[in-house]
Structure formats: C-alpha cells, structure tokens
Amino acid sequence: MESFLSAVLGELMTRSINFIINKCFNPPVIAVEDSLQRALLRAEVIIEEAMGIHITNQAMRQLLGMLIDAMHRGYYTLDTFRYEPQYAEDAKDQAVSHFVFLSKLNSATGPYFSSTSARNMGPLREALGRLTSVIVDVDELVVFLMSYPRLHRQPYSMHILLSNCMFGRQMEVEHVINFLLHKQPHGSEGLEVLPIIGPARIGKSTLVAHVCKDERIRDHFSKLLFLHDHEFTDDKLAFREGCGMKDQNSVSKSNMGKGLLVVLELAGDLNEDAWNKLYHACKQCVPSGCKIIITSRSDKVVKLGTTQPLTLKYLSHEVYWYFFKTLTFGSIDPETHPRLTQLAMEIARMQSGSLNGAYITSSLLRDNFDIHFWCKVLSFLRGFVQNYLSKFGENPFDLLNQNRPVQLGRMAVPSEVFMICHQYQRSSQEEVPDIRIQDVIYGCVKTRGKFEALVWRSQIPPYYSYVHTCEIRELKTTGAKRKRSMKGGNKS
C-alpha cells in the first residue's frame with residue numbers, strides 16, 4: 001500500500017513539475033497555435049481520404065461538410081493571427097508601419113509573445129474548440145469510410161485540385177451524383193426532378209457539367225440532353241427533336257436503353273406550359289427512367305422539384321481566402337513569406353469574394369512575386385474600392401458579381417478611365433481575345449475605345465472562357481473643365 005501511494009505521489013509530483021515548466025517556458029499562445037495547426041492537419045487527412053470515397057449516406061456527407069467548413073475557418077483564423085498587422089491598420093506613415101511589421105517578424109521573440117497576440121487569442125481558441133469538436137463528431141465517419149468503395153483517380157496536390165476540380169463544391173457534387181444514381185421504387189411513375197438555384201455566375205452550369213463528366217453518371221444514362229431557355233420555350237424543340245440533337249455521343253453505346261438525363265438551364269422565368277409539355281414527353285419517350293435537373297436564378301422552380309433543392313451561395317470569406325491563397329502561392333509555402341501572405345490577405349479582402357477577381361489577381365501576383373509590386377497592387381485596389389464606395393455606396397466587385405457595368409482605374413495609366421461593360425462566357429470551340437484583363441488594369445496595354453479582354457479559361461467542364469467587353473477613355477479632369485468654361489466666358 002505504501003509503495004502504491006508513493007508511486008501515485010511521485011506521478012502527481014512529476015506531472016505538477018511538468019505543468020509548471022510548460023506554463024513558464026511554453027506560453028499558452030504557442031500551445032494553442034500548435035494545437036490548432038495539428039488539428040488542421042488531422043482534418044486535412046480525413047477530408048482527403050473522404051474525397052476519394054463514394055459516400056452515399058446523406059448525414060455522413062453533412063458531417064464531412066461541417067468538417068470542411070471548420071477547417072477553412074481554422075486556417076483563416078490561424079493566418080489572421082499570424083500575419084495580419086492590426087497595429088498598422090490605421091498608421092498614416094506606411095513606410096514606418098512596414099518597418100515595424102518586418103522588425104516584429106524578425107525579432108528574437110517574434111510576434112507571438114507581443115501583447116497584441118495575447119489579446120487576440122480568443123478567436124484562436126474558438127477556432128481550435130470548434131475544429132476539435134467536429135473532429136470528435138466525425139470519429140465514426142472515419143470508421144465507416146473503410147466500408148465504402150473507393151473512387152479510382154490519380155493523387156493530386158491542392159494546387160492541381162484548384163485548377164482541375166470544383167473548389168468548395170465537393171459536397172454539392174456528391175449530392176447531385178447521389179440524386180442521379182438513386183433508384184426509384186418499383187412501380188413509381190413520376191419523374192425525379194432536382195432544382196439547383198443560385199445567383200448568376202455562381203457555378204450552377206459548371207457544377208452540372210462537372211457531374212455529367214463523372215464516369216458513374218456516364219455509365220448510368222444512355223443519353224444526356226442539355227436544353228436552354230430558347231430551346232425549352234420553342235414548341236418545335238421542346239423535346240422530341242432536341243432529344244436526337246444533343247450529346248448522344250458523350251456516353252457509352254453499351255448504355256443504350258438506359259435512362260435519360262435532361263438538364264434544363266433557365267436564365268429567365270419558368271414557362272409552365274412548356275414545362276408541362278416537356279415533363280409529359282419525357283414520361284412517354286423514356287419509360288425506362290428519366291431524371292431532370294433544373295438550374296435557375298429564380299426560386300419559382302423549387303415547386304417543380306421532387307427532392308430538396310440545392311442552393312448555391314457565394315464562398316464565405318474564410319473559404320475564399322483558402323482558395324485565393326492556394327491559387328496565389330501554388331506549391332510555395334506561405335509561411336516562408338509572411339509579409340507577402342499578409343498582403344495577400346488584404347488583397348483577397350478587397351475583392352469581395354469575386355471568383356473572376358481571384359483568378360485575375362492571383363495570376364498577376366504569381367507572375368510578379370515581388371513585395372514592392374504586391375504593395376502597389378494592394379494600394380491600387382484599396383484606393384479604387386474606397387473611392388467607389390464613397391461615390392456610389394457599393395463595392396465594385398459586388399457589381400461585377402452581378403454582371404453590372406463598373407468603372408475602374410488603371411494602375412499604370414491613372415489618367416485613363418477603364419470601364420467593364422458586360423461579362424459573358426464562350427465555349428471551348430470559340431476564339432478568345434488576345435488581350436488579358438490583368439494586362440489592361442495593371443499593365444501598359446495601349447488601346448482606346450471599346451474592345452474585348454480575356455479574364456480566364458476554366459480547366460473544368462464546360463471549359464468556358466470568360467470574357468469582358470471593355471472601354472478605355474481619357475479621364476476628364478475638373479481643371480480641364482474650368483479652362484473650357486473660362487474660354488467660353490471670354491468669348492461671350
């Protein structure tokens with residue numbers, strides 16, 4: 001008994017000494033940061049394994065979606081804590097604040113021991129607690145993952161993933177695939193309809209095209225039929241003629257006789273008469289099975305669905321930062337460039353979640369991996385965004401997301417006004433402009449009047465090229481107006 005008590009007391013004494021040592025020599029801020037970093041790595045492992053498995057259980061997909069969201073929030077919180085110089089936000093002298101920031105990063109103790117870091121540990125602890133809680137919740141998911149069939153695909157890095165896959169839509173892709181592969185009960189006569197709704201340029205068509213490229217879908221249907229507004233409302237093309245025109249060769253001949261997948265893309269309001277004709281024609285023409293996907297900006301199509309609609313939203317700020325950081329740095333570790341990472345966070349914040357903006361700016365920054373150039377880009381973006389907000393009360397990137405005209409500036413030629421008039425996409429077979437939009441905004445492209453500029457080319461189906469119609473004109477200064485008015489006054 002005495003030896004047992006002695007062992008217990010010895011263990012307690014050892015743990016107490018270790019606790020005191022850790023408390024004195026390992027500040028809590030580092031412990032929390034390291035714990036969050038380890039939790040994020042564990043979350044990445046689980047997510048990467050889950051992405052290689054076909055999960056059919058909806059509740060498990062929801063748990064995985066929660067884990068992905070917590071991981072993105074965790075990375076954003078960690079990067080904000082590490083790189084955002086909050087003490088330089090309102091500094092008038094940018095050169096002084098820049099020097100202070102670099103000196104803090106290069107000091108012997110580092111920014112982690114500063115009072116600023118200590119005061120901002122709340123979000124860090126909150127992110128760690130949220131992520132740890134979700135990881136505990138998905139413990140059963142990790143066990144059940146072993147029972148699901150694996151998808152055959154090559155390994156890839158996150159940078160390649162962003163270039164060739166839909167970022168931030170993994171759960172939505174699996175949701176649509178499971179809807180399409182779901183077998184209706186025997187004797188069921190109704191057609192299954194999935195509405196996908198969301199604002200313009202949110203990725204509805206891209207999501208469906210990405211799903212239709214999946215081998216599981218191509219093996220499941222004998223025909224894939226895509227209809228747009230003008231084909232849908234035209235009585236002659238409502239179904240029977242269009243059925244023999246679109247994408248018959250996109251699936252295997254061995255699947256002939258299987259079901260039909262109809263994808264209906266609506267830009268305007270729903271024509272109910274045309275919809276009723278299409279629905280009844282599908283039931284008569286393909287008795288073996290037909291499924292319909294409707295993509296629309298309007299909530300009115302929800303009533304046509306036989307299952308819960310899929311609603312696409314813009315990426316959250318945390319997810320957008322993860323996306324932008326990976327596009328910008330690629331295979332380079334952002335931790336080796338803390339000042340550039342801080343600038344990248346500020347630039348991402350300026351763009352208000354614009355996907356086109358992310359592709360444009362990240363490509364520009366990668367091509368000019370220089371701190372002075374990045375500072376110029378941030379200063380330019382901050383200037384015209386603040387100017388636009390003060391004049392019109394709206395963020396110009398919000399207007400771009402809504403495909404509304406926007407007046408921008410040019411970093412290299414501030415004396416000119418640059419207008420983006422309209423945005424549209426072209427198919428992979430169509431020609432695209434030689435002029436890139438980033439060269440117009442940040443470069444010295446010598447052109448005037450109206451022209452077209454290439455924004456970026458998508459590497460995933462339907463492989464659209466995104467194009468802007470633009471106009472450049474000379475800036476009219478108030479001084480010039482005064483001179484003209486004075487001349488007019490002298491003549492009179």
Tyr442/Phe380 aromatic ring centres below 6.0 Å:
yes
Pro199 side chain near Tyr314 side chain, heavy-atom distance below 4.5 Å:
yes
When the ring planes of Tyr279 and Trp275 are compared, do they come out parallel, tilted or perpendicular, using 30° and 60° as the limits?
tilted
Steps toward salt bridge (charged side-chain N to carboxylate O under 4.0 Å, His left out) verdict (Arg216, Glu174)
CA-CA 11 Å; Arg216 292 169 288 175; Glu174 289 301 316; 3.7 Å; yes
Nearest non-hydrogen partners of Leu194 and Leu310, listed with the distance
CD1-N, 4.3 Å
Can you measure from CD1 (Ile441) to CD1 (Ile437) and round to the nearest 0.5 angstrom?
5.0 Å
Compute the centroid of each ring, for Phe384 and then for Tyr388, and state whether the two points are separated by less than 6.0 Å.
no
Interatomic distance, Leu227 atom CG to Leu278 atom CG [nearest 0.5 angstrom]
6.5 Å
All heavy atoms of Leu131 vs all of Met71, minimum pair found to be CD1-N, 4.0 Å
Contact check, side chains of Gln425 and Ser205, non-hydrogen atoms, under 4.5 Å
no
Could you check if a side-chain atom of Pro123 sits within less than 4.5 angstrom of a side-chain atom of Thr80, using non-hydrogen atoms only?
no
Ion pair check, Arg73 and Asp69, cut-off under 4.0 Å
yes
Nearest-0.5 Å distance, NE2 of residue His220 to CD1 of residue Ile177
12.0 Å
Is Ser316 close to Tyr76 at the side-chain level, that is, under 4.5 Å between some pair of heavy atoms?
no
Below 4.5 Å, heavy atoms only, C-beta onward: do Glu44 and Ile47 meet side chain to side chain?
no
Quick test of your reading of the model: are Lys325 and Glu335 salt-bridged, counting only N-O distances below 4.0 Å?
no
If the threshold is 4.0 Å, N to carboxylate O, is there a salt bridge linking Lys300 and Glu272?
no
Stepwise side-chain contact (heavy atoms from CB on, under 4.5 Å) check, Leu343 with His337
CA-CA 10 Å; Leu343 290 171; His337 299 276; over 6 Å; no
State the CD1-CD distance between Ile347 and Gln342, to the nearest 0.5 angstrom.
9.5 Å
Go through the steps for Thr328 and Trp374 under the test side-chain contact (heavy atoms from CB on, under 4.5 Å), then give the verdict.
CA-CA 11 Å; Thr328 302; Trp374 287 32; 3.6 Å; yes
If the threshold is 4.0 Å, N to carboxylate O, is there a salt bridge linking Glu346 and Arg349?
yes
Can you name the closest pair of heavy atoms from Lys204 and Ile197 and give their distance?
CD-C, 3.9 Å
Can you find a pair of side-chain heavy atoms, one from Ile360 and one from Trp456, that are under 4.5 Å apart?
no
Calculate, to the nearest 0.5 Å, the distance between atoms CG and CG belonging to Leu304 and Leu191 respectively.
12.0 Å
Sub-4.5 Å side-chain heavy-atom contact between Ser298 and Leu266:
no
Is the CD atom of Gln308 crowded by more than 12 outside heavy atoms at less than 6.0 Å?
no
Over all atoms of both residues, closest heavy-atom pair of Met350 and Val385:
O-CG2, 4.0 Å
Given Tyr322, Phe323, Phe324, Trp321, the one that forms ring-ring contact (aromatic ring centres under 6.0 Å, His included) with Tyr75
Tyr322
One should read off an interatomic distance between Glu215 CD and Ile217 CD1, to the nearest 0.5 angstrom, of 11.0 Å
Does some side-chain heavy atom of Glu126 sit less than 4.5 Å from a side-chain heavy atom of Thr77?
no
Does NZ or CZ of Lys291 fall inside the cone over Phe179's six-membered ring, less than 6.0 Å from its centre and within 45° of the axis?
yes
